[in-house]
Every structure is written in C-alpha cells, then in structure tokens.
Amino acid sequence: MSIAKTYSPTAAEDKWYSYWLKHNFFRSVPDHREPYTIVIPPPNVTGVLHMGHMLNNTIQDVLIRRARMKGKNACWVPGTDHASIATEAKVVAMLKERGINKKDLSREEFLSYAWEWKEKYGGIILEQLKKLGASCDWERTKFTMDEDMSESVIDYFVHLHKKGWIYRGVRMVNWDPQGKTAVSDEEVIRKEVNQKLYYIKYEVAGEEERGANEGRTSHNAQRTPSHLTIATTRPETIMADAAICINPHDERYTHLHGKSVFIPLINREIPVIMDEYVTMDFGTGCLKVTPAHDLNDYELGQKHKLQIIDILNDDATLNEKAQILVGEDRFIARKKIAVLLEEAGALEKTEDYTSQIGYSERTNAAIEPKLSMQWFCKMPELAKPALEYVLNGDVKLIPEKFINTYRHWMENVRDWNISRQLWWGQQIPAYYLPNGDFVVAKTKEEALTEAHKIDASLTIDQLSQDEDVLDTWFSSGLWPISVFDGVRNPDNAEINYYYPTNDLVTAPEILFFWVARMIMAGHELRETKPFTNVYLTGIVRDKLGRKMSKSLGNSPDPLDLIAKYGADGVRVGMLLCSPAGNDLMFDEKYCEQGSGFANKIWNAFKLVKGWEIDNSIAPKNSVAIEWFSSRFSQALVEIDSDFAQYRLSEALMTTYKLVWDDFCAWYLEMVKPAYQQGVEKQKIDAETYNATVAFFEDILKVLHPYMPFLTEELWHDELFGTRSELDCCIVAQLPTIGKINSQLVAEIEIVQQVVTQIRNTRNNNQLSPKEALPLAVKANSAINYNQYEPIIKQLGNVTELSKIDDAINGANSFIAGTDEFFVMLNIAVDKDAERERLKKELDYLIGFLKSVNAKLGNERFMANAKPEIIENELKKKADAEARLKIVEDNLRGLAG
RNA sequence: GGGAGUUUAGCUCAGCUGGUUCAGAGCAUCUGCCUUACAAGCAGAGGGUCACUGGUUCGAACCCAGUAACUCCCACCA
C-alpha cells in the first residue's frame, strides 16, 4: 500500500469528527471519576466564528482533551446567548427588509418572527466550532432563552427582589436611540470625537444694553452686559435648559446673582443659579443646565430643584416641548440650530473641540442620557463577596494582572440597570395592579396571590406584566449554574457533580460584564465560586497590531484558514503566537508552520511504516532507545509544569521540539537502517521497531490535544496493531513520566556536539556529506565512547572511531565537553586558520576564567553567595581550566 | 484625569528566587545540499547597547527611582 506523500487534512477531519460523535466520546454524564468542567462562553446566537472565537475555543478544546486523556470526566458545555439587543436589532432589520415595521406587530407576533429567525440562522457558530474540532458535549447544548434557562433567570430575579436588591426607579440612564432601550454603563463605549464647542449668547432679563462687550470678557463692573455667553457641545438642547449656572466665587458674574436669562430662539426665561460645581476656567464659566439630557445637569437640577424638560423622543428626535425643530434628529437639529442662532445673532463663535462620547456597544449609536423608569440591581452586597473570591485566590485570574482591574471595578461599582425596553429576552416578572402598585412573582398566578394581599377583589386579567426584558448579562451571569439546572433544582445530581466548574476561558473585556456577575450569582445562589481558574486570552490583532475587525477587513475567515491549513494546522498556528493574557499578533504564517508540523509528523510516520522486522538482527539501538525515553520523560515534566501555569504556547513548543528535534532529527536518524547499496529494503531489529512504534504512539497522545485529527488518523493505522472500535486516541490515557537517565542525556548531548562538529568540519572544508571520514578521540572525561560509536558513525558518517592517547598533528581537531576529537582529512590542514581558531578559543577561555576567578577571589561574593552557586563557580573553573590546557597543547602542537 | 500592562534578534515570544562569558527558542534571513520519510525537507551560519537615565548590589535583562513610546481598563468637566 502506498502512503500519500503529504498529509491531507480535509477527509480525515470529517471522518474522525463524526466517528467521535458516533461513539459519544464528547458525552459526559456524572460517574465515579473526577469531573473536569468547562462551560463555553456562549457566543451570540447571531454570531459567526471570528478569530477571537478560534483562539478561545482552541484553548478550551486543548484543555478539555487533555483532561479527558488524564482520566477525568471531561465535560464541555456548549451553547449560545440570546444577546437581546443585538439579536432584536437583527430581527428588526430583517422585518424591515420584508416591509414589516416592528411597531405594527404585537409582542407575540414579533417574538414568533424572532424565534423563526433564531431557528433558521441561530447557532451557525456552533456548527463552525465543530470544524475546529471542538469536543463539546453537544447533547448539552443550551440556549439562554431555553425554557428552563429562562425560568432560572426569573427565579433569580424573584430571589434578588425578595432580598430587596432589586428596585425600580426613575434615573438617568444610557439610552440607545437606535435600539430604543436603556443599556448598562458597561455597554457604553467611549470614543474620542471631534466636535464643536458652540458659544451661545443668552439675553439677561431686565438689563440694558450698555456696550459691545460681552459678559465673559468683561471685568469691569461698570459695564453691565445684557448678555452672557455659555459654551456647549449640544446647542440642540438649549430648549431644555432649566437654568444657567455660575460659580459663586466667579467675580466676573457677581452682577448676575439673582438674575434670569432668556433662552435664545424660544425666549423662555430661566434663572441663573450658583454652584461650585462649575469650573471657572472652562469655556466661559457659565454652564447651561439641562437636567433632562445630561447626567451632571440632572444631579445639579435635583440639587437646585429645577424643572426637567425632556425635549427628545425615544429615537432622539426633538419633540414638541422643544418648540422648534420638532421631529428633527438630534444631530440634524444641531446643525440647523447653529444656523438659526447665527441668524438670530446669538451665536458668538464656534471652536473645534474633542471630547469623549458614549456609543452603544451593540448598535454603535451615540448614547443619549435619558431619564426613565428602569429596574436596578443593587451591587454593593453582591460585589463584596465576589471580590473576596478573587482576592483570596479561590478564583484565580490568569494572568494575575487582572486582579487589580477587577478589584478596582468591584470597589467602585454602581447599581446595575437591568431592564431593557426590548421584547427579545426574559420579560421582567413584575405585575402591575390597576392602582399602579406592583408585585413580583414567578408566574401571573403567583402574582395574583400576592396581589390579593393588597386587594382581595382583583382578578388575573387586571394584572399586567412589565413590558421590559432583562439585560442579557443578567441571564448569562447564571450560565455555569443554569446549564446544570442548578437554579431551579439546586440539589440535583448534575450541579452537585459538575459545579464549581474548573476553567473558564474568556476575553478580558467581559471580565465585569460576565465573569464578575457569574461569581456574584455563584455566591448568591450556591455560596461557592462558579469556577476555579479564569484564563483570560488576549485580543487577536493582525500583524500590524490592529484589532481584527469587519470594518478593517483584516480578519481572515477562520473557515478559509481551516480549509487551507487544516484544523490542526490552524489550532497549532493560533497557539504558537498566543502569550497568556497578552494580545496576539496573528499572522497566517503561523498556520503554515502548524500545517508544516503536521506534515513532518506524517513523514516520520511514513518512515516507520516502511520498516520491516528481521528477527535475525540483534538489538543494536538500546542506547538510543533509552536516551529518547529519557528525553520524552523530560519533555513530559516540562509540559506538565507548563500546563499547570496555563502556558499552553510553551507546552506546545516543548512538544514541537520533542517531536521535530529529538524524535525526528536525532532518534529516528540514530536508529533508522543505514542505506545499503543494492539492498532494496532495509530491515530493522525487533526491539528497535517495537520501541519506535511505542514512542510514536506516545507522541500521538501528547500531540492529540493540539492536533486531534492527525493524531486520530495515524492512531488507527495498522502500524499500531489492530484496534477495537473504541480504542481511540481521543480517549487514550496520556503517557506517564518514566525513568530519566540524566547522565545518558548529558553524554548524548556531547555526542550531538561531536556529530555537529564533524558536519561542520566537512562544511568548512567543502566536503560532501557523503564523504565518510575517520575520527579519533582523546578522551579526558570518563565518557565511554564505545557505546556511542554506532551513533557517531551513523550520524556523522564516520568510518571508524579510534581511541588515542596523544593529539594527532595535522588533523582537524575540536573539543566536545572536555574531550578532544581529531578528524583525519585527505587534505592538508590550513595551519594558519587552525591557529586562528584556537587562538580565539584561547582568548575566550582566558576571559572566562578571569571572570570566574574574579568572583571566587571576591570576599563578599564568597561571603554572600549561596553554597551551590559557589560550587557551580568552582566547577566552571575546573572545566575551563581543562579546556584551556587542551587548547594550549594543541596550539603548541601546531607550532611544533 | 486615574490605574494597569508592555518594551529582549527582522517577526512572535521565553528568560521562574538577581548568580555560567546569559543573552535563549520558533519563524524569517544567508550559505551549502534534490543524502531512499519529509525541498512543507536536510546540514550549517549570521543576527541583540535586553527602550533610555540613574541607583542598590560582590554581581542586574531581572530589584528601586525617573524618562520615553505603545496598549488596555476606568472616569460626568459643559
């Protein structure tokens, strides 16, 4: 049978993924084993796979596969998030295309469209994850609006309300005029924007015009101006002004105390008030107070009991209270009013100005501060214990640098606006009585019971449920609990087994949105943490360091990458460039490296596969076998320690080097049957064959978490014998750490140096690698070169290795460890070049010794350094001296 | 405005408790090889003022102070 020249991933990937599914290898049910649980950060149901998901889910899959192979009951719960505002926006847009206006639909009608949409387009992302190889327990797939999930959310709401931690009130909230809903503080993204600062003149009531000068520039009390000037970025809100505020200590304006002014264009009279809040040296020192459209102004308004005039509709167009420009969008109104003011002579000037504007995370619309009746969740009581978990190390953040950020947020958290004026989501379980009172209960029936305590005559039809739905994060905060039905049935077998989960892999930007809320809910409902480790990945950027985004078009389609490099190649590629907690500069070349690695393994497989056993050949590679076995165990130790610290990238690199360098470049080269002219096929002794196959199998296991498809494909080759249907790499147990012969490893390191030096000698003398050369060793160390002779011969293409007691004059020499080697060439040695080379080494050694001696001669070093450091220095000294002697001898030999 | 992080080879990153003349890895580059698993390969080689300035120390990439650049988070100055 012929083996393909290169590995082609596509067929293998589909084949093995369905094989795994068919045999339920991803399935987890509680049993006697130790659980290892990850809940997926549920992607938006509307989402498509992007590079961030790729990174995130590759990491989770590596962790889950490794846990599975360590004998744990690995459970990875997948699912999607209903993402209320984002999804609702998509559905609204879809309806619009069909010529349907959301306004014309009832709630029920809209929701049925939304569900239809969800069934059709939702969850594409989960299918895409399968291409990546994600070994989720798909039978557990959850959606945050599944019936049981929604019930859990309602339960939690009722629970918090009972504790008095949920309240309703009119507050200034972040209003998204496009989504027509309030959003939480965390959903507002601030961006620096170039704006204009408009200087607008307000006429002062009862003042005579007495000069051309305006108030802001006048320091002359004699000349009382008839105007004052304010600076604002939002001229379209002047109609909502309730007052002008000045600082009481501002001497420029003492004459205005107790006065009132007229709003330009509409000539409404408003008072001038005083408050130290106003910064004297910003703008003109006069602040227009617009309580309905600015948070600070609102607070100022409360303090001074000002009237609230809301001139904006929900979609941020001006309403009739504005009197002018009614129906215009706020931004259009801004431009138009500037013109009107100009015409009225009320616009003194404009200046360019940059300031921070809030945008809705979901719709990207500029946020409008708006007063409205909303539901809030009190945070201090929830935040305090949630902070504790992280501070005392119960929940570990990886990397730790996020602890500070987390603490800062938790200590300064404000009450959370949890209501959204949307339909897609869990409707708030508050029921209003005809008199305006409300009761909170899980169902309308229960609500009626509650309501009867207020008014026994009420009927169920007289109750009306609150229209709003809950913030998506209110439900995703329950995710690790609700996927195991731990809210409704807090003592069920699943939650007791799987919870707390082990690792959470997510992006730092949702540390507060989500991670913190899960910790709060975990503590509140179960008095335990929801997970032990939170691995925070970086942002995937392009190689220029730009964040990958649709608008920049710099994000490759993950599925294209998989098609091009294979899922294994992409997985390896992602991890090769991903330091924990730092952003990663993604470049396709890493995927190329990944697929190149897959191909390397494939070729190594081809080599071994081609071997035939000849039982008449005596075992002759026991040294190589013991050596690789030791190296393998050393690598396992490193890999374990890397994983313990979540250094997945490093663990992968250790594996990469183990396979490429130790296994392929050294071990296989050591043991592979040498080329024999005229012999069609080389044969190999049974011991070597069996050991190599066993090594290969172990290597497949170690590689599996990173490269599940290739390893599974090879695993089932007859090279490894016949396997039962269920004997799969995915459920194989990782090799355990074996005996490490460190002396052997150290000695082979010398042997490797010898081989490299021989190759070098050939290179330097322009000899072909095919030219076999004789080698002599003058051993000063205790290394028994007899046992390494076959290796040196094979790898260095050496005809014979002779032991000598005296240096050979006229041969090319080199030192490995403390032993001298001589290569006999058929050409004359360039004595000058050789002398030069030795001289260089001599200088180095002299310098080296000098520094070591300086240290050893330093009293304070001897007094302060740890004993093992001193011991090490002494050894360095001895080694250097030995080498120095050899070099000196050789130099003398050259001279003589 | 406040806070955090980063800065080491052309690129992406290691460098753990300060202790080899310590400056590393992978990729890329250069040179030579189509050697019977692999040219997606093999064998070699070059490449760095550890951002900068001071300090502590017998000894600093590592600790301290300051400076600069970049990144992120938080924050209501119109």
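Every chain is numbered from 1, with letters handed out A, B, ... down the list of sequences.
- Under 4.0 Å is where a charged nitrogen must lie from a carboxylate oxygen, and between A:Asp879 and A:Lys875 at least one such pair does.
- Residue A:Asn760 places its side chain closer to B:rA45 than to any other of B:rC58, B:rA45, B:rA37.
- When atom types are taken as modelled, the side chain of A:Asp642 and the backbone of A:Leu648 share no donor-acceptor pair closer than 3.5 angstrom.
- Within the 4.0 angstrom heavy-atom criterion, base atoms lie near A:Cys664.
- Using a cutoff of 4.0 Å between basic side-chain nitrogens and carboxylate oxygens, A:Lys876 and A:Glu873 are scored as salt-bridged.
- When the nucleotides B:rA40, B:rC42, B:rU35 are ranked by their closest atom to the side chain of A:Lys600, B:rC42 comes out on top.
- Closest contact between the side chain of A:Arg541 and the listed nucleotides B:rU71, B:rA25, B:rC58 involves B:rU71.
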Dot-bracket pairing map - RNA chain B, Watson-Crick plus G-U, both contacts under 3.5 Å, | cross-strand:
(((((((..((((.....[....)))).(((((.......))))).....(((((..]....))))))))))))....

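- Residue-level contact check: A:Thr279 touches the bases, meaning some heavy atom is under 4.0 Å from a base atom.
- Comparing A:Asn603 and A:Trp660, the nucleotide of RNA chain B nearest to each residue sits closer to the 5' end for A:Asn603.
- For A:Phe282, counting side-chain heavy atoms from C-beta on, the closest listed nucleotide (B:rG26, B:rU12, B:rA78) is B:rA78.
- Here A:Leu295 lies out of heavy-atom contact (under 4.0 Å) with every strand.
- Judged purely by atom type and a 3.5 angstrom limit, A:Asn797 uses its side chain to pair as donor or acceptor with the backbone of A:Pro769.
- Backbone-only contact: A:Tyr353 has heavy atoms under 4.0 Å from sugar-phosphate atoms and none from a base.
- One C1' atom belongs to B:rG24, the other to B:rA14, and the distance between them is 7 Å to the nearest Å.
- Listed nucleotides B:rC73, B:rG26, B:rG19 differ in distance to A:Phe861; the shortest reach to its side chain belongs to B:rG19.
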Where do A:Lys196 and A:Thr233 land on the side-chain contact (heavy atoms from CB on, under 4.5 Å) test, with the steps shown first?
CA-CA 6 Å; A:Lys196 283 212 164 17; A:Thr233 54; over 6 Å; no

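- In summary, the aromatic rings of A:Tyr7 and A:Phe605 are positioned with their centroids too far apart to meet the 6.0 Å limit.
- Side-chain atoms of A:Thr655 and A:Lys657 form no donor-acceptor pair, as typed in the model, at a separation below 3.5 Å.
- The side chain of A:Lys589 sits closest to B:rC27 out of B:rC58, B:rC27, B:rA40.
- To the nearest whole angstrom, the two C1' atoms, one in B:rC70 and one in B:rU8, are 16 Å apart.
- The residue A:Gln356 sits close to a base: some heavy atom pair falls under 4.0 Å.
- Ring centers of A:Tyr406 and A:Phe402: at least 6.0 Å apart, outside the cut-off.
- For the P atom pair drawn from B:rG59 and B:rG19, the interatomic distance equals 14 Å after rounding to whole Å.
- Across all strands shown, A:Tyr656 has heavy atoms under 4.0 Å from sugar-phosphate atoms exclusively, and none from any base.
- A salt bridge links A:Glu236 with A:Arg234: the distance from a Lys NZ or Arg NE/NH1/NH2 to an Asp or Glu carboxylate oxygen falls below 4.0 Å.
- With B:rC38, B:rA78, B:rU21 as the choices, the nucleotide that has an atom nearest any side-chain atom of A:Tyr844 turns out to be B:rU21.
- Between A:Leu576 and A:Ile846, the one whose closest nucleotide on RNA chain B sits nearer the 5' end is A:Leu576.
- Among the heavy atoms of the strands, none lies under 4.0 Å from A:Lys288.
- A:Phe597 comes within contact range of no nucleotide atom at all, as no heavy-atom separation falls under 4.0 Å.
- Separation of the P atoms belonging to B:rA65 and B:rC22 is 30 Å when rounded to the nearest angstrom.
- Minimum atom distance to the side chain of A:Phe848 is reached by B:rU21, of the listed B:rA25, B:rU21, B:rC38.
- Within the 4.0 angstrom heavy-atom criterion, base atoms lie near A:Glu669.
- Across all strands shown, A:Ser595 has heavy atoms under 4.0 Å from base atoms, whether or not it also approaches the sugar-phosphate.
- Rounded to a whole angstrom, the distance from the C1' atom of B:rG66 to that of B:rA28 is 37 Å.
- To the nearest whole angstrom, the two C1' atoms, one in B:rC30 and one in B:rG46, are 7 Å apart.
- Note on A:Lys657: only backbone sugar-phosphate atoms sit closer than 4.0 angstrom, heavy atoms only; bases stay farther off.
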